[in-house]
Amino acid sequence: MRIDPHTHSTASDGRSRPRELMQEAAAAGVTTIGLTDHDTIAGWAEAAAEVGNTGVSLIRGMEVSTKYQGVSTHIVAYLFNPADPSLMAHIESVRSSRLGRAQRIVERLGVDTPLVWDDVEAVVAPGATIGRPHIADALIVRGVVVDRNEAFVRYLAPDSPYYVPHYAPDAIQAVEWINQAGGKAVLAHPRAPHRGRVLPERAFDEMAEAGLFGIEIDHRDNAATQIPELERTAHSLHLARFGSSDYHGSGKPNRLGENTTSPAVISALTRGCFLEVLNP
Ligand code: AMP
Ligand code: FE
Ligand code: FE
Ligand code: ZN
């Protein structure tokens, strides 16, 4: 079994449609995929419809944008009740804040580049969660940059004059909501220095206390020098070890299955959750 539990589709900032993601997983020899788009479950149904055709099992999830004391923190929610009012209402406010924020970034960029809002709308799938990668894609179409990475380096990083933040709920609260919704919570890429300020050690204790299930250790954005410390933290707080590609289709160099999670961890993850893994 090769289990890659954290990936994105066109329901957020991935470049493959959910059905293409499932087909690509089959071609890459991945046996189980976690579809975890940013702040949305809009891709679940299309991916679920491909389980039978592709023979790839599906773990339904969502990567929740949160903040821990001002530090942007991504928490992957798995197998929760998609009708849970508390979790979904908060996600809805993140999504609407992301929209206004993207419009303001585009206004700022429009001063120095030919970018207009229509360019961004043209690259976002209907109903998708909007993020900076869509602005990057619009800049590529306009010929301002060659790829998403150049757009982030030149225009979209948090220290850029064009950057605008969006609302995100508190990380501890989010872990509680996910558990209350019958799901399990995994802290994504916790030691990714290029993503801005990193979490203090205390954050791990508080999230574990709130019911965190695991942390992503095997992820290309975690600094190699930090892995031993993450392993110690996971061990002492009884947090499961996750690994994933964080695949975004052609939007990032990350390849499906480049990091995986053990079957034992996934079977512990699924135990007692509101939803089940969809198997062929
Ligand atoms: P946002 O959701 O607007 O905060 O944008 C963050 C997203 O941008 C992350 O989920 C990544 O998928 C993507 N991202 C961040 N840095 C880069 C980069 N250098 N190249 C491509 N995508 C990136
Ligand atoms: Fe992303
Ligand atoms: Fe993330
Ligand atoms: Zn992700």
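Atoms within a ligand are numbered from 1 in the order they appear, just like the ligands themselves. Count residues from 1 along the sequence.
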For ligand 1, is there an N or O atom under 3.5 Å from any N or O atom of [X]?
| X | value |
| --- | --- |
| Arg101 | yes |
| Arg98 | yes |
| Asp13 | yes |

Return yes if a side-chain donor-acceptor contact under 3.5 Å exists between Thr260 and Arg2, otherwise no.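 On atom types as modelled, these side chains do not qualify, holding no pair under 3.5 Å.
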Classify the ring geometry of His219 against His189: parallel below 30°, tilted from 30° to 60°, perpendicular beyond 60°.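 Judged by the thresholds at 30° and 60°, the geometry between His219 and His189 is perpendicular.
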Mutual orientation of the aromatic rings belonging to Phe213 and Phe242 [parallel < 30°, tilted 30-60°, perpendicular > 60°]: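 The arrangement is perpendicular - the two ring planes meet at more than 60°.
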Suppose I only count heavy atoms of [X] and a 4.0 Å limit; which atoms of ligand 1 are within that range?
| X | result |
| --- | --- |
| His248 | 12 (O) |
| Gly131 | 3 (O) |
| Pro133 | 5 (O), 7 (C), 8 (O), 13 (C) |
| Asn149 | 18 (C), 19 (N), 20 (N) |

NZ/NE/NH1/NH2 to OD/OE distance under 4.0 Å, [X] and [Y]:
| X | Y | answer |
| --- | --- | --- |
| Arg104 | Glu107 | no |
| Arg148 | Asp13 | no |
| Glu46 | Arg60 | no |

Specify which N/O/S atom of [X] comes nearest to the Zn ion (ligand 4), by atom name.
| X | answer |
| --- | --- |
| Asp246 | OD1 |
| His8 | NE2 |
| Glu63 | OE1 |
| His6 | NE2 |

Would you please name every residue forming a side chain to side chain donor-acceptor pair (under 3.5 Å) with Asn81, sequence neighbours left out?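 For Asn81 there are no side chain to side chain donor-acceptor pair (under 3.5 Å) partners, ignoring immediate neighbours.
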If you measure from atom 6 (C) of ligand 1 to every heavy atom of Arg132, Arg148, Glu63, which option wins on shortest distance?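 Comparing heavy atoms across Arg132, Arg148, Glu63, the nearest one to atom 6 (C) of ligand 1 lies in Arg132.
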Within reach of ligand 1, part of Lys252 (heavy-atom separation under 4.0 Å): side chain
Where the side chain of His166 meets the backbone of Val164, is there a donor-acceptor pair that is under 3.5 Å apart? no
Salt bridge (Lys or Arg N to Asp or Glu O under 4.0 Å) against Asp39, all qualifying residues, sequence neighbours excluded: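 For Asp39 the salt bridge (Lys or Arg N to Asp or Glu O under 4.0 Å) partners, ignoring immediate neighbours, are Arg98.
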Which angle, to the nearest 10 degrees, do you find at the Fe ion (ligand 2) between NE2 in His248 and NE2 in His38?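 Rounding to the nearest 10 degrees gives 120°.
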Yes or no on side chain to side chain donor-acceptor pair (under 3.5 Å) for Asp37 and Ser9, after CA distance, side-chain angles and deciding distance? CA-CA 6 Å; Asp37 277 303; Ser9 74; 2.6 Å; yes
As a test of reading the structure, name the N/O/S atom of Asp13 that is nearest the Fe ion (ligand 2). OD2
